[in-house]
There are 2 protein chains.
Amino acid sequence: MLSRRQLYILQAIVDDYVQTAEPVGSRSISKREDVDFSAATIRNEMADLEEMGFLMKPHSSSGRIPSHKGYRLYVDQLLNVTENNHLGLITSVQQLFDSRVSEVEAVMRKTAAVLSEMTNYVSVVLGPAMSNTKLKQLQIIPLSTTQAVAILVTDSGHVENRTFDIPRNMSISDLEKFVNILNEQLTDSPIKQWEALMSNEIERLLRQHVDHYEKIHQDLSAAFKPKVNEQIFYNGMLNLLAQPEFKDVEKIRQMLEWLEDKKEVYSLLNAMNSKGLTVKIGEENRFELFDDISMITATYAIDGDTVGSIGLIGPTRMQYERAIQIITQMADGLSTSLTRLYRHDA
Amino acid sequence: MLSRRQLYILQAIVDDYVQTAEPVGSRSISKREDVDFSAATIRNEMADLEEMGFLMKPHSSSGRIPSHKGYRLYVDQLLNVTENNHLGLITSVQQLFDSRVSEVEAVMRKTAAVLSEMTNYVSVVLGPAMSNTKLKQLQIIPLSTTQAVAILVTDSGHVENRTFDIPRNMSISDLEKFVNILNEQLTDSPIKQWEALMSNEIERLLRQHVDHYEKIHQDLSAAFKPKVNEQIFYNGMLNLLAQPEFKDVEKIRQMLEWLEDKKEVYSLLNAMNSKGLTVKIGEENRFELFDDISMITATYAIDGDTVGSIGLIGPTRMQYERAIQIITQMADGLSTSLTRLYRHDA
DNA sequence: TGTTAGCACTCGAATATCTTGAGTGCTAAA
DNA sequence: TTTAGCACTCAAGATATTCGAGTGCTAACA
């Protein structure tokens, strides 16, 4: 068990190091006003803390820096986020969500932008899982005799569209029938049930009433599968470059490459879903390459159901307290905002 | 006027430097098989070329590197692109455009991806200016009593949509009238005429037949203005990081920052429109910050009308010949592909 | 007159050497 | 248990040294 003094010293070191990115020496701590023990004492405590694995030395005669374990302790026990809600933050976040935006995508983008701007870290926003979304209407608008565009509108106001070739041997009336059947069968049923419906009932009806339906059916069902990488928004990747831990170009390249592959980020963020606030520190992250990267995630909800998550990516040497406060409030704001947006019947 | 030998030397230096990124010395050139004059002679010629401003020395006892003026000469006179069409390129580009893609956006993305992959430079693709596009259909689909989504389909198959609040005091029948008027008036008229039509005829009709039209009219007309930054696609920004001229983090940051501001890139690329192939070298570019950046642009056309441009951004130390070949062919392929895509009546 | 061999000179880059100072660990005394 | 004191460590910065690729110039040559 750590003594009160040891905790204090650990905290001091983390706070210092987060700010300066320089190893923290015993003397600099002993100079603090509220410290009435000497540098030598601190050195002894530091040695103990190091032995326990909370601190490290970059080299034998340098000051200490926190280890991952040290950050972990700091985050888990030394932070009390709830108390410390400076008003400044609240209001500015509130303002963002009060300015009624009616497009989900716009809200997402804005969230990512504000998150990264306020923290100077990279922000990731995962769009809401639309598994409960229902089809509002499917329309097919012919562009010519050979092509048409299919438009799908969900009750959340999301619009998806796809241009496709009209099969040569398909008549206009067949096309109409096709659309009618899909509309009748799918309207108001949630997206997640589509696949089942498609392969049973609908397939049967189509076979019965529409000639040459296979090709078009195939084209469109593929097209309307929700696309993962359109659901993920970044912001502030350039902020990384300002951090001293990224003075090395190769590291930046790796990091940006990793971010570019949205699938990876998606699955990582998605795994965090339904877990509320999460702080991953350094190698705790799946991607061992990024030893000195931390990631904070939070989830947001619509009407109380968790539907997505947002995240902040920065150096392990992160301003956890501030970042956690901000991400929490953003998640709350996002929840409120989206809930309002989706409650058309209000 | 430069002698044949001087031209040869300049070319040799550019070719060498492009490959190695190291200053080129007289001896390394004299070792070439097809050179039968000595290093000393080359040194003399080099001194002359330097005096004329085609070459530079990073420091007084180093080899020479090409100046912007040198590159310019190289590009304008020493390159004959047309002859040298290795088949490898042609077929792989053709393949890309042969795989029938029916979404304009998909074609653009793919073009950007292939461009950057083949060249290892940053690619920019500016979507086709749709000034001649015509409205196919405007639809409004109510989501609830308070909200609706407006969907606009152009004859090119482009779909634009916007969620908006239905004004409280507007009835369903008014909403229908509103849509009908817009459809009647705008269908088949090109986008560039809308603004005029809107403010004259349509405004008049609306005032006459629809109550409370102002708010909604205003919401939607703003929403359907084409958005610049959705029209521009990048790819391969990470390629920059591999270039030795970008070993400095600050430089990368500036560059990426510049690219992130799509408006700038857009206007630069747009200005190149209707000029065919363009090569900007170093400080010839508007942005003097990027002294050692070159940019190659080419335009593409639909049915012979230039509608957009594509570009490659790389170090001045660029493989101009190869890059020009590739971008030219991509532009051609894009033109063919888009022309086919837009010719629904074929 | 153009070309070339030869040679002294230049200067960046790599390597080694020195200096400094912040920081430590340990010991012995309070 | 705490602290003053002191020897010791080591990265980082400053300085010096070496090395070699490359130049410019001169004088001889074809």
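A, B, ... follow the sequence lines: proteins, then strands. Residue 1 opens every chain.
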In whole angstroms, how far is the [atom2] atom of [N] from the [atom1] atom of [X]?
X       : N      : atom1 : atom2 : value
A:Ile42 : C:dA22 : CD1   : C1'   : 15 Å
B:Glu45 : C:dT1  : CD    : C1'   : 14 Å
A:His59 : C:dG23 : NE2   : C1'   : 8 Å
A:Arg4  : D:dT1  : CZ    : P     : 18 Å
B:Asp48 : D:dT23 : CG    : P     : 14 Å
A:Leu55 : C:dG23 : CG    : C1'   : 14 Å
A:Leu49 : C:dG25 : CG    : P     : 12 Å
A:Met46 : C:dG23 : CE    : P     : 9 Å

Can you tell me if [X] has over 12 outside heavy atoms packed within less than 6.0 Å of its [atom1]?
X       : atom1 : answer
A:Glu51 : CD    : no
B:Arg27 : CZ    : no
B:Gln19 : CD    : no

What closest approach, in Å, do [X] and [Y] show between heavy atoms, and which atom pair accounts for it?
X        : Y        : result
A:Ala331 : A:Ala298 : CB-CB, 4.0 Å
B:Leu2   : B:Phe54  : CD1-CE1, 3.9 Å
B:Leu256 : B:Met237 : CD2-SD, 4.1 Å

Handout entry: Summary of protein contacts for nucleotides 13-21 of chain D, nucleotide by nucleotide, where a base hit scores B, a sugar-phosphate-only hit scores S (4.0 Å, heavy atoms)
Key = ---------

List, with names and distances, any nitrogen or oxygen atoms from the protein found under 3.5 Å away from nitrogen or oxygen atoms belonging to nucleotides 3-5 of chain D.
unit_1: D:dT3; atom_1: OP2; unit_2: A:Ser38; atom_2: N; d: 3.0
unit_1: D:dT3; atom_1: OP2; unit_2: A:Thr41; atom_2: OG1; d: 2.5
unit_1: D:dG5; atom_1: O6; unit_2: A:Arg43; atom_2: NH2; d: 3.3

Exercise for the section: Please list, chain by chain and in numerical order, all residues satisfying side-chain hydrogen bond (donor to acceptor under 3.5 Å, both in side chains) with A:Gln77, sequence neighbours excluded. Expected result: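 A:Gln77 satisfies side-chain hydrogen bond (donor to acceptor under 3.5 Å, both in side chains) with no residue once adjacent residues are dropped.
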
Handout entry: Pairwise side chain to side chain donor-acceptor pair (under 3.5 Å) hits with a residue in residues 113-122 of chain A, at least two apart
Key =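 Listed by first then second residue: A:Ser116-A:Asn235.
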
Handout entry: Any donor-acceptor pair under 3.5 Å from B:Ser26 side chain to B:Ile42 backbone
Key =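 Judged by distance alone, no pair lies under 3.5 Å.
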
Problem - Near-strand residues of residues 8-31 of chain B, defined as heavy-atom separation under 4.0 angstrom from DNA chain C - result: none

Problem - Which residues share a salt bridge (charged side-chain N to carboxylate O under 4.0 Å, His left out) with A:Arg317, sequence neighbours left out - result: A:Glu245

Exercise for the section: Examine D:dC10: is either OP1 or OP2 under 4.0 Å from a nitrogen or oxygen in the side chain of A:Ser60? Give yes or no. Expected result: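 Yes, such a contact exists.
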
Exercise for the section: For C:dG12, take OP1 and OP2 only and decide whether either is under 4.0 Å from a side-chain N or O of B:Lys57. Expected result: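 So the side chain of B:Lys57 is outside the cut-off, no N or O lying under 4.0 Å from OP1 or OP2 of C:dG12.
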
Problem - B:Tyr320 and B:Tyr71 aromatic ring geometry - parallel, tilted or perpendicular at 30°/60° bounds - result: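 Taking B:Tyr320 first and then B:Tyr71, their aromatic rings sit tilted (interplane angle of 30° to 60°).
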
